[in-house]
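Here's the structure we're looking at; comments come further down.
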Number of protein chains: 2
Amino acid sequence: MARRSGSHSNITGPRIREAAAVLFARDGYAAVSMRQIASAVDVQVGTLYLYTPDKQTLLFDLMRSHMEELLDAWFSLPKMKLPLDQLENFCRFHIAHHLERMDGTFISYMELRNLEPQNHAVVADLRGRYEDELEAILKSGVTSGQFTVPDTRLATMALIAMLTGINTWFRSDGRLSCERVTETYWSMVRQLVGA
Amino acid sequence: MARRSGSHSNITGPRIREAAAVLFARDGYAAVSMRQIASAVDVQVGTLYLYTPDKQTLLFDLMRSHMEELLDAWFSLPKMKLPLDQLENFCRFHIAHHLERMDGTFISYMELRNLEPQNHAVVADLRGRYEDELEAILKSGVTSGQFTVPDTRLATMALIAMLTGINTWFRSDGRLSCERVTETYWSMVRQLVGA
DNA sequence: GTCTATAGAAAGATAGAC
DNA sequence: GTCTATCTTTCTATAGAC
């Protein structure tokens, strides 16, 4: 099985990141060894250190790029005019984006405490920006009278927890399709904001 | 600092469990060593093994007792007649109970994957029973026409994720008191179920 | 660019003294 | 009931051969 020597610099890096993501999501950062990652990529341990200075940086890169990809994807969507349309947009986007990236999402919610302070600050800041996007929608809906929300910050946290929670139980071979789940959650979100 | 010999069998066990809970919640099960736990309790490593056969069992005991305590506390509450009152009861109970047990709650949501299959099944079953309690309330509310909920199972998962999510950001010295948060969330829950 | 080999630290768990 | 000492395994990370 073991491949012996050869040049793969252009693909080994991404494969290491992908394998690390899968393993971190399944077993947790602290429980996964560099040997396991190397084994999954079918290289020796030492090879990993050509692509990352250490294990912590590997985790940080995964989490930062997950959050940056999330923000980029959101900002690339066309902006709606009405707060209700914006909220629907956000809701559908959030569910689809996260269900398509289950490993990255799981890591981003579970491994915050394993980031060193400096790295934690970067990821927390990115997450804050995403939360601010939802809160801005809620605020505009409250201002325009379309939403009835007692506290936009709490509603933001409630909605994100509720929507991201789908990832903890959703199975693509389960009772409900992604589309069906999305419709159901959107109708609950609409009721929650009093629209 | 180090205490040398002495009889404390009646208190050392609970102190080990408490110290383990704090450390597991803060750093994660896999990242905490038995030496760290021993150090926090101010005993030597070997002593821990008089109170637990191994590290896995220590985690399992914490998680199982957390879930059993949750169920016991819920079943000891007086039952309400109307679904809306039952839901309010559940909502207030859930928030208060979990905010008073932040470490245990954190562990129960983060460390499921670190339980060995047999232990995982026990904890998952207990959690399922708790979810069933909420779903029964939602079903009765839908049947009686007081609630408008498209799917009681999804609403159950949505509500529990939303309510438990409070634990991830709540700080007792923050902007909002526990009471204020509870009122705000209850009003959002009421809207979510269309009551 | 990847390998083999290993240094050095730390982990879980146990044996036997007191 | 607790400690000291240690066995055995595993870990992250590095050095140098190919």
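The chains referred to below are lettered A, B, ... by the order of the sequence lines, with proteins before strands, and numbering in each begins at 1.
A close approach under 4.0 Å does occur between a side-chain nitrogen or oxygen of Ser33(A) and OP1 or OP2 of dC11(D). Of the side-chain N and O atoms in Gln44(A), none sit less than 4.0 angstrom from OP1 or OP2 of dT2(C). One finds no side-chain N or O of Thr12(A) lying less than 4.0 angstrom from the OP1 or OP2 phosphate oxygen of dG1(C).
Proximity note for Leu50(B) (side chain, C-beta onward) versus dT2(D), dG1(C), dG12(C): the nearest is dT2(D). Here the nucleotide nearest the side chain of Tyr51(A), chosen from dC3(D), dT2(C), dG12(C), is dT2(C).
In terms of heavy-atom proximity, Val32(A) sits nearest to Lys55(A) at O-NZ, 2.7 Å.
Gln86(A) contributes no side-chain N or O that, together with a main-chain N or O of Ile137(A), makes up a donor-acceptor pair within less than 3.5 Å.
Per the geometry, CZ belonging to Arg15(A) stands 15 Å off P belonging to dG1(C), to the nearest Å. Across the protein-nucleic acid pair, Leu59(B) atom CG and dG12(C) atom C1' stand 15 Å apart, rounded to whole Å. Note: CG (Asp27(A)) to C1' (dC11(D)) measures 16 Å, nearest angstrom.
By the 4.5 Å heavy-atom criterion applied to side chains, Leu134(B) and Leu87(B) are counted as neighbours. Residues Phe90(B) and Trp74(B) meet the side-chain proximity criterion, which asks for heavy atoms closer than 4.5 Å.
Place Ala31(A) and Thr47(A) on DNA chain D by their nearest nucleotides, and Ala31(A) ends up nearer the 5' end.
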Write out a two-atom table: protein N or O, nucleotide N or O from nucleotides 13-16 of chain C, distance below 3.5 Å.
unit_1	atom_1	unit_2	atom_2	d
dA13(C)	OP2	Tyr49(B)	OH	2.9
dA13(C)	OP2	Lys55(B)	N	3.2

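A cation-pi arrangement is not found for Arg113(A) relative to Phe106(B), the charged atom failing to lie both closer than 6.0 Å to the ring centre and inside a 45° cone about the ring normal.
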Open item on the list: The test is ring-ring contact (aromatic ring centres under 6.0 Å, His included); show your working for His94(A) and Tyr130(A) and say whether it passes.
Closed with: CA-CA 10 Å; His94(A) 185 99; Tyr130(A) 184 66; 5.6 Å; yes

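Between Arg92(A) and Glu88(A), at least one side-chain nitrogen of the basic residue sits less than 4.0 Å from a carboxylate oxygen of the acidic one, meeting the salt-bridge criterion. Electrostatic pairing of Lys139(B) and Asp132(B) does not count as a salt bridge here, judged by no charged N lying under 4.0 Å from a carboxylate O. Using a 4.0 Å cut-off between charged nitrogen and carboxylate oxygen, Asp85(B) and Lys79(B) do not count as a salt-bridge pair.
Bending across the helix from dG1(C)-dC18(D) to dC18(C)-dG1(D), expressed as the angle between its end axes from five pairs apiece, amounts to 0° (10° rounding).
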